[in-house]
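The structure under discussion appears below in the form of structure tokens.
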Amino acid sequence: MAASGDTTTISSCTLIGRIALVTGGGSGIGRACCQVLAREGARVVVTDINLQAAKHTLTLLPGGQQHVVVAMDVSDRRSVEDAMKSAQDRCGALPSLLVNCAGVAIAAPLLETDDDSWEKNIGVNLTGIFLVTQAFATSLLETGRDSKGAVVNIASIMGKTGCTTMSAYTASKGGVISLTKTCAAEFARRAIRVNCVLPGLIDTPMSAGISEEELKNIMPLIPLSRSGRPEEVAEVVAFLLSERSSYMVGACVEVTGGYAM
Ligand code: NAP
């Protein structure tokens with residue numbers, strides 16, 4: 001579906017000396033973020049609820065020795081706090097860069113959405129970002145050092161447009177957009193920039209379940225006439241974490257091939 005090409009070979013090493021924690025780093029966009037951030041010189045803390053998948057990501061990173069893997073369930077406060085402590089212990093310093101990428105997409109029409117699937121979508125996609133960002137920012141601000149931090153939240157274009165059969169998912173992603181702006185406003189004067197990315201249709205295990213029929217309907221709505229590659233989202237994430245985007249705060253950057261612009 002996606003055009004071929006490996007953007008992980010582009011490098012300007014903008015993140016040398018930084019420690020970057022990525023949630024959902026075991027798959028899809030999160031894995032691509034780990035790869036691009038490592039290429040940019042960051043030491044990466046790969047976290048995921050699926051430890052085996054996170055370990056596999058580690059094997060794909062340049063400079064493998066310096067990166068670490070930590071299990072983290074973003075929807076569980078205890079797991080998040082333990083993982084943050086473990087990341088600090090193993091790296092000898094706190095992460096100052098964060099990518100909130102872990103996510104689930106459980107689809108159902110509103111009338112068929114049960115409490116469990118509503119809570120799972122909101123619990124991972126929205127509460128997860130609340131818990132991880134709170135733990136990250138608390139630790140970073142407690143150090144009192146003048147370390148510039150940056151956070152990128154992975155929302156979705158559907159958080160802006162809504163989508164039939166995706167009420168809980170789209171509600172969670174709309175929440176991520178407004179949470180991003182509030183965090184951005186609260187932390188801007190404390191040297192932590194917060195922004196978010198709104199991907200469109202990206203080739204990952206999450207989108208693999210979309211039927212041929214649905215794809216036929218979606219494709220004409222994408223001006224680039226193709227789905228995106230995870231690396232194409234990861235490049236924007238790396239830019240937003242770097243000082244190249246030093247005047248960007250509370251931005252919602254669409255990476256959609258032009259869908260719903
Ligand atoms: P993916 O390939 O399914 O990756 C998501 C990762 O998050 C998986 O490794 C998953 O583990 C992990 N995860 C699930 N629940 C978790 C939890 N409670 N704590 C920690 N990790 C957890 O999906 P993706 O497409 O890369 O999605 C990444 C982000 O992009 C998500 O926030 C998604 O909503 C967003 N997004 C994706 C698309 C798209 O078209 N792919 C479009 C817009 C936005 P398991 O596999 O074990 O569940």
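Hydrogens, waters and symmetry mates are skipped; everything else that's a heavy atom, side chains included, is used.
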Output every pair passing side-chain hydrogen bond (donor to acceptor under 3.5 Å, both in side chains) with a member in [range], not counting sequence neighbours, ordered by first then second residue.
| range | result |
| --- | --- |
| residues 83-92 | K85-D89 |
| residues 154-170 | K160-E254 |
| residues 53-63 | R31-T57 |
| residues 172-183 | N125-S172, N153-T180 |

Heavy-atom closest contact ([X] atom, [Y] atom, distance):
| X | Y | answer |
| --- | --- | --- |
| P205 | S27 | CG-OG, 3.4 Å |
| G26 | A53 | O-CB, 3.5 Å |
| V44 | A38 | CG2-N, 3.8 Å |
| S139 | L94 | O-CD1, 3.3 Å |
| H67 | G63 | CD2-O, 3.1 Å |
| I16 | C13 | CD1-CB, 3.6 Å |

Verify the cluster assignment for [X] and [Y]: are they in a single hydrophobic cluster under the rule of side-chain heavy atoms below 4.5 Å apart?
| X | Y | result |
| --- | --- | --- |
| M166 | Y259 | no |
| W118 | V176 | yes |
| I177 | V152 | no |
| L198 | V236 | no |
| L110 | I122 | no |

Approximate separation, where rounding is to 0.5 Å, of [X] [atom1] and [Y] [atom2]:
| X | Y | atom1 | atom2 | value |
| --- | --- | --- | --- | --- |
| R43 | L21 | CZ | CG | 12.0 Å |
| T14 | R39 | OG1 | CZ | 8.0 Å |
| T256 | L221 | OG1 | CG | 11.5 Å |
| L58 | L51 | CG | CG | 10.5 Å |
| M158 | L201 | CE | CG | 8.0 Å |
| L215 | S207 | CG | OG | 8.0 Å |

Exercise. Take V74 and V124, measure what side-chain contact (heavy atoms from CB on, under 4.5 Å) needs, and give me the verdict at the end.
Key: CA-CA 6 Å; V74 298; V124 176; 4.0 Å; yes

When you measure from the side chain of T23 to the backbone of C101, do you find a donor-acceptor pair of N or O atoms at a distance under 3.5 Å?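 Yes; judged by distance alone, with no hydrogens or angles, the pair exists.
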
Salt bridge or not between R18 and E40? Use side-chain N to carboxylate O under 4.0 Å.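 Here R18 does not pair with E40 in a salt bridge, since their nearest N and O are not under 4.0 Å apart.
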
With a 4.0 Å cut-off on N to O distance, would you call E232 and R226 a salt bridge? yes

Taking the side chain as every heavy atom from C-beta outward, state whether [X] and [Y] have any atom pair closer than 4.5 Å.
| X | Y | value |
| --- | --- | --- |
| V22 | V45 | no |
| Q66 | C91 | no |
| I154 | C196 | no |
| T47 | V132 | no |
| V237 | V36 | no |
| V151 | I192 | yes |
| M72 | D48 | no |
| F136 | L140 | yes |

Under the side chain to side chain donor-acceptor pair (under 3.5 Å) rule, collect the residues that match up with T133, sequence neighbours excluded.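 Counting only residues at least two positions away or on another chain, T133 forms a side chain to side chain donor-acceptor pair (under 3.5 Å) with N100.
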
Practice task
Please lay out, stage by stage, how V99 and L37 fare under the test side-chain contact (heavy atoms from CB on, under 4.5 Å).
Solution key: CA-CA 10 Å; V99 184; L37 300 183; 3.9 Å; yes

- Task: Scan residues 60-69 for pairs that pass salt bridge (charged side-chain N to carboxylate O under 4.0 Å, His left out), counting only residues two or more places apart or in two chains.
- Result: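 Every pair satisfying salt bridge (charged side-chain N to carboxylate O under 4.0 Å, His left out) with a residue in residues 60-69: there are none.
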
For residues 62-79, the salt bridge (charged side-chain N to carboxylate O under 4.0 Å, His left out) pairs (sequence neighbours left out) are R77-E81, R78-D82

Among residues at least two apart in sequence or on other chains, which ones pass salt bridge (Lys or Arg N to Asp or Glu O under 4.0 Å) with [X]?
| X | value |
| --- | --- |
| D114 | none |
| E186 | none |
| R244 | none |

With sequence neighbours left out, the residues meeting side chain to side chain contact (heavy atoms under 4.5 Å, CB included) with S211 are E213, E214

Sorted by chain and residue number, the side chain to side chain contact (heavy atoms under 4.5 Å, CB included) partners of M248 (sequence neighbours excluded) come out as R193, N195, F239, L240, S245, A251, V253

Carefully, step by step, assess I106 and T113 under the rule side-chain contact (heavy atoms from CB on, under 4.5 Å).
CA-CA 9 Å; I106 304 163; T113 298; over 6 Å; no

What verdict does the side-chain contact (heavy atoms from CB on, under 4.5 Å) test give for I29 and I202, after you've listed the backbone C-alpha separation in whole Å, the side-chain angles of each residue and the deciding distance to 0.1 Å? CA-CA 8 Å; I29 296 170; I202 308 297; 4.1 Å; yes

Query raised in the report: For D115, does the CG atom have more than 12 heavy-atom neighbours from other residues, nucleotides or ligands under 6.0 Å away?
Result: no

